[in-house]
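Naming: A, B, ... by sequence-line order, numbering from 1 per chain. Basis for what follows: all heavy atoms, side chains included, without hydrogens, waters or symmetry-related copies. All figures in this text were calculated on a predicted structure; none of them were measured in a lab.
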Amino acid sequence: MDKQDELLKEAEKLAKHMLSYQHDLAPTITSNIVCSTDAKEELLDECEEIWRQMEECQSKLMLLGIETLPESDAQLSLLMMRVKALTAEYNQWQKRSPEIISTNPDVLVALGKEELQKVDHDLEMVLSTVQSKNKKLKEDMKREQQWLDEQQQLVDALDVTHEEMKNQVVQFSEKRALQELKSKMLKIRAYKEELLSALGEFLEEHFPLPEEDESAKKKKKSPAEEPTVQLVTLHEILERLINRLMSTPHEPYLTISDSFWPPYVELLLRYGIALRHAEDPSRIRLEAFHQ
Amino acid sequence: MSLVRPFDKLPTLNSAVILLVGTDERRQQQLAEAILKEKKNFKINIHVATSLPLPAERDHVRPRIDLIAFMINMQSKHSLRNVEASLSHIDANFFLGKVCFLITGVGRMNHCSVEMNAVRKLGNLYCSPVLFCELDSEGIRVATAQRLLRMLQICAGHVPGVSALFFSSLMKSSIDE
């Protein structure tokens, strides 16, 4: 009985050990109990008895003759045999009562130890599996944490940028931008006026209309060719060319009329201020300086 | 000439005996090695024969045979005829769960010279399970070895509560479905 108590204690210890889930392994169960000779004798006797029974059965079996399958209908006879054998087996199971293992305490202790060792071994395997799984999970966790940190940093950085952008938006309020644009436009307009008047003055001073007397001389020489149209200034020619180019960029050509003094047209063409139409020499356009 | 009988001798303690019958010695060797490699808690005895009957003069040294596996190569009609001829040299009681047919070379169907129906019919006629395998493939070889080992364990009576006859009846009903 002492030995059984001892075994129970050991079992309890093992269970506790596993419950507390410590990382060291359970102590190995040493089979320090030497089976008493009595127990061994008893088991051996049991075995001898079983062997005797087997020998009896064997001799009975040997008395049975050799059975061969008939040539015809082998399957049928085989199936009949199977039915017989299965029925016999069924009856045997019906009659059979469960075998009870030896009640000798020594034997029970030894069996219990063996069983415990098996359980211990299995549990150790489970432990190591769980440990490796845990390790893997920890690694995963670490990696995920790192990823989370990185993402958090990214969010922080984006938040900072967002704040900055907000401030800038406040600074560049619509009103202010409009006002700025307006003042710029005013400046540019003033500058444009200045340029235009300067250009006008320049043209008036350096490119006046041909002298009246010159045309008068011509009149005398060839009265038939007296121009019936009023000549326009270079200033006006240029203005018309510019307006044409700006208002209808797809069709910038202007037809040379009689009111254009030919030397001025020639001047514009020679210095590359105006260009002649490739097919129609009577039309010119302003060089696209603005592009 | 001696007939092989299922219970002609007393069993040896903690051991089981399988007899492989077939013409292809190389495959028998392969399978035997695979079976021996498997982890097991009993002693295993593998006997190899090209055909039955077994020589009578060695009868007294031969242990009790628990399972006979007839190996048929799908690529050789000769192997099928050899097995068919051998089948008449075993006791009818062997067919109560201690015989199985191992069909090899099923991996290359276009090389088959034995009809699938023929081996199915053979299994049906002798009420014995038919196992299909390709011994050239290592994975299938190992799986087949494990299967045979399990059957052998049952046939040798090492599994309490399951007899060879009971097991083969289970196998048969699952095959028929």
Side-chain angles (χ1 to χ4, degrees), chain A residues 40 43-102 111 114-115 117-119 121-122 125, chain B residues 1-14 41 52-54 56 59-60 63-65 84-99 120-129 154-157 159-173 176:
Chain A
K40 257 190 197 164
L43 284 178
L44 278 175
D45 281 351
E46 263 180 54
C47 290
E48 289 290 340
E49 180 53 36
I50 292 169
W51 190 252
R52 246 197 304 284
Q53 279 175 20
M54 276 187 77
E55 272 173 340
E56 240 172 71
C57 289
Q58 181 67 29
S59 56
K60 272 185 202 163
L61 275 170
M62 286 314 282
L63 286 177
L64 292 171
I66 291 166
E67 277 182 72
T68 44
L69 286 173
E71 286 292 311
S72 61
D73 257 345
Q75 196 176 5
L76 182 68
S77 62
L78 199 51
L79 283 170
M80 293 303 284
M81 269 178 73
R82 285 177 84 91
V83 169
K84 259 205 293 192
L86 277 170
T87 316
E89 206 174 304
Y90 168 73
N91 286 331
Q92 205 62 35
W93 277 110
Q94 288 281 319
K95 271 191 276 175
R96 194 172 161 159
S97 55
E99 287 157 15
I100 298 161
I101 49 166
S102 165
L111 273 177
E114 211 182 294
E115 209 53 38
Q117 258 163 351
K118 244 188 244 166
V119 171
H121 178 253
D122 288 352
M125 294 244 287
Chain B
M1 204 163 104
S2 75
L3 220 64
V4 189
R5 299 181 60 186
F7 295 107
D8 56 348
K9 290 169 188 132
L10 280 165
T12 330
L13 196 65
N14 282 332
N41 48 12
L52 296 183
L54 296 169
D59 239 3
H60 60 286
R64 189 182 89 172
I65 288 162
E84 280 172 336
S86 299
L87 278 166
S88 58
H89 295 286
I90 57 176
D91 187 287
N93 283 306
F94 248 114
F95 294 110
L96 301 180
K98 294 192 166 207
V99 169
R120 286 235 170 83
K121 251 166 98 180
L122 197 66
N124 219 7
L125 178 63
Y126 289 98
C127 299
S128 301
I154 290 165
C155 290
V159 182
V162 184
S163 71
L165 179 63
F166 178 48
F167 181 65
S168 82
S169 300
L170 278 180
M171 291 271 285
K172 194 175 180 308
S173 61
D176 285 350

Trainee: Using side-chain heavy atoms (C-beta onward) and a distance below 4.5 Å, is B:Phe166 in contact with A:Glu89?
Mentor: yes
Trainee: Drop me the distance from B:Ser163's OG to A:Gln92's CD, to the nearest 0.5 angstrom.
Mentor: 11.0 Å
Trainee: Quick check on the interface: out of A:Met81, A:Arg96, A:Gln75, A:Met54, who has the most heavy-atom pairs with chain B under 4.5 Å?
Mentor: A:Gln75
Trainee: Of the backbone (N, CA, C, O) and the side chain (C-beta and beyond), which part of B:Tyr126 lies under 4.5 Å from a heavy atom of chain A, both, or neither?
Mentor: both
Trainee: Using non-hydrogen atoms and a 4.5 Å limit, figure out which bit of B:Pro11 sits close to chain A: side chain, backbone, both or neither.
Mentor: both
Trainee: Taking all non-hydrogen atoms of both residues into account, name the closest pair between A:Arg82 and B:Gly97 and its distance.
Mentor: NH1-N, 4.3 Å
Trainee: Mind checking the CG-CG spacing from A:Leu78 to B:Leu125? Nearest 0.5 Å is all I need.
Mentor: 8.0 Å
Trainee: Could you measure the distance from the CG atom of B:Leu165 to the NZ atom of A:Lys84? Nearest 0.5 Å is fine.
Mentor: 13.0 Å
Trainee: Could you grab the distance from atom CD of A:Gln58 to atom CZ of B:Arg64, nearest 0.5 Å is fine?
Mentor: 7.5 Å
